[in-house]
Amino acid sequence: MAELGRNARMAARRLALATPEQKRTALLTAAGAINAHRKAILLANAKDMDAARTKGISTAFLDRLELNDARIDGIIAAVKTIAELPDPVGAKIAEWDRPNGLHIERVRTPLGVIGVIFESRPNVTADAGALCIKSGNAVILRGGSDSFHSSRAIVDCMLDGLHLAGLPVECIQLVPTTDRAAVGEMLKGLDGNIDVIVPRGGKTLVARVQDEARVPVFAHLEGIVHVYIDKSADLEKAVSVTLNAKMRRTGVCGAAETLLVHRDVVGTHLNPILDALMAKGCEIRGDAIVNANSPLTKTATEADWRTEYEDAIISVKVVDSIEDAIAHIETYSSHHTEAIIAEDLEAVEKFFNEIDSAILLHNASTQFADGGEFGFGGEIGIATGKMHARGPVGVEQLTSFKYRVRGNGQTRP
């Protein structure tokens, strides 16, 4: 592990000086290699899937682990998109002149070495590798044992791109062991050679990283995501957006877990939304008003408002006002993503101004909480902290900055 860290640091120094065209070439070549080796990647993933099924892994976990042609197409598209993004390294964020004649520039610089610790999603391998290369950072990937073969096959394709572009293959390194002690070594920082840790996985993994890491962490602990149906909501939008927010993929961090419905539209909106959810196999856990309106629902407990189900289950509550909805969200939210369905723009502005979550949406599914959907090409994770990075972490969030000050002999009095 110490050698991985040293190799990453040396590679990061060279990568920080790479030209935009070198990085673009590396990523486009990697995308081509993923396509050319599609069969090998699917075979590796089949091996991981068989092992996971033998262990009795949950359906949600299997969904995150599985690769198919469509998902590989998505990985390729993401890498290509990232390749064509503007190069952030060296970009001027701001510049100004001082009265004494000094010219000051603030410019983007790579963070250095990123450690990514993830569990089941093989696409993280490509997303993290591509985003780090584009932003001039070396990356050390520690995937879960369940996705080890899939990740290895994808990394091999990424290395093809680095080699062809004349960049160090150590820019992307996959930890070659599934021993959990490797995670502990990364959290210690590998003798100062890891600058940032990004965990991608369940609550237990993220909590451990946040508790034990000796380097900065970009992460979200949970995705307790809310959809609020305002009294001004259009019924068709309320039904379609809520259904997508919950049921498109129930295991992703942007999946809705709690639905709040304004009391004034209970008679018109509540049952159509619940019926649409239940028709897709979603279990409803509701408050007393919800239970009275729909006998097929179960009674929600206090714990339900605090639960990230990652499954076809949603908790539903009727609120008296937008103020009550905001109060509920601020009490129970993990500050990841929230949506309001409304036609009243004053209500929307109130919702946007008063809720302190990383991503807020109006009349759109919470499942858009994704770097690819934001135009970032992909994401290395979603951060809910307030320092440096918040929301989807893309190439710009993987840079810091430095000041370049140009003078002509000035001295300070």
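Residue numbers start at 1 and run along the sequence shown. Note that these values count all heavy atoms, side chains included, but never hydrogens, waters or copies made by symmetry.
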Any non-hydrogen side-chain atom of [X] less than 4.5 Å from a side-chain atom of [Y]?
{"X": "K55", "Y": "S145", "answer": "yes"}
{"X": "C157", "Y": "I154", "answer": "no"}
{"X": "K23", "Y": "V89", "answer": "yes"}
{"X": "E283", "Y": "I314", "answer": "no"}
{"X": "H269", "Y": "I341", "answer": "no"}
{"X": "N123", "Y": "R71", "answer": "no"}
{"X": "V316", "Y": "T258", "answer": "no"}
{"X": "F351", "Y": "H362", "answer": "no"}

Charged N to carboxylate O below 4.0 Å: is that the case for [X] and [Y]?
{"X": "D287", "Y": "K317", "answer": "no"}
{"X": "R406", "Y": "E105", "answer": "yes"}
{"X": "R53", "Y": "D50", "answer": "yes"}

Would you say the side-chain atoms of [X] pair up with the backbone N or O of [Y], donor to acceptor, closer than 3.5 Å?
{"X": "R200", "Y": "V116", "result": "no"}
{"X": "H388", "Y": "Q397", "result": "yes"}
{"X": "D160", "Y": "A30", "result": "no"}
{"X": "S147", "Y": "E119", "result": "yes"}
{"X": "H220", "Y": "I382", "result": "yes"}
{"X": "S58", "Y": "F61", "result": "yes"}
{"X": "R64", "Y": "G251", "result": "yes"}

Within the 3.5 Å criterion, strictly below it, is a donor on [X] or [Y] matched to an acceptor on the partner's side chain?
{"X": "D304", "Y": "T307", "result": "no"}
{"X": "H103", "Y": "E95", "result": "yes"}
{"X": "T399", "Y": "S135", "result": "no"}

Tell me whether [X] at atom [atom1] has more than 12 heavy atoms from other residues, nucleotides or ligands lying less than 6.0 Å away.
{"X": "E302", "atom1": "CD", "result": "yes"}
{"X": "R404", "atom1": "CZ", "result": "yes"}
{"X": "R180", "atom1": "CZ", "result": "no"}

Practice prompt. Return each pair, listed once, that meets salt bridge (charged side-chain N to carboxylate O under 4.0 Å, His left out) where at least one residue sits in residues 369-387; pairs must be two or more places apart or across chains.
Written response: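 The answer is D356-K386.
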Heavy-atom closest pair, residues [X] and [Y]:
{"X": "I75", "Y": "L67", "result": "CD1-CD2, 4.0 Å"}
{"X": "A255", "Y": "V225", "result": "O-CB, 3.4 Å"}
{"X": "D311", "Y": "K246", "result": "O-NZ, 3.0 Å"}

Across all chains, not counting sequence neighbours, the ring-ring contact (aromatic ring centres under 6.0 Å, His included) partners of F374 are F376
Q. Hey, would you say the Y332 and H226 ring centroids sit under 6.0 Å apart?
A. no
Can you tell me how far [atom2] of [Y] sits from [atom1] of [X], rounded to the nearest 0.5 angstrom?
{"X": "I41", "Y": "N35", "atom1": "CD1", "atom2": "CG", "value": "9.0 Å"}
{"X": "S151", "Y": "D48", "atom1": "OG", "atom2": "CG", "value": "7.5 Å"}
{"X": "I133", "Y": "L27", "atom1": "CD1", "atom2": "CG", "value": "6.5 Å"}

Exercise. Are R108 and D87 close enough, and set up right, to give a salt bridge (Lys or Arg N to Asp or Glu O under 4.0 Å), and what steps lead you there?
Worked result: CA-CA 10 Å; R108 294 193 183 279; D87 194 305; over 6 Å; no
As a quick check of understanding, evaluate side-chain hydrogen bond (donor to acceptor under 3.5 Å, both in side chains) for E323 and S321, giving each step before the final call.
CA-CA 5 Å; E323 289 80 9; S321 64; 3.3 Å; yes
### Task
Carefully, step by step, assess N291 and T299 under the rule side-chain hydrogen bond (donor to acceptor under 3.5 Å, both in side chains).
CA-CA 7 Å; N291 295 155; T299 301; 3.1 Å; yes
Could you go through E308 and S334, starting from their C-alpha distance and side-chain angles, then the distance that decides it, and tell me whether this counts as side-chain hydrogen bond (donor to acceptor under 3.5 Å, both in side chains)? CA-CA 9 Å; E308 181 182 22; S334 59; over 6 Å; no
Evaluate L361 against I340 for side-chain contact (heavy atoms from CB on, under 4.5 Å), listing each step before the verdict.
CA-CA 6 Å; L361 300 110; I340 177 173; over 6 Å; no
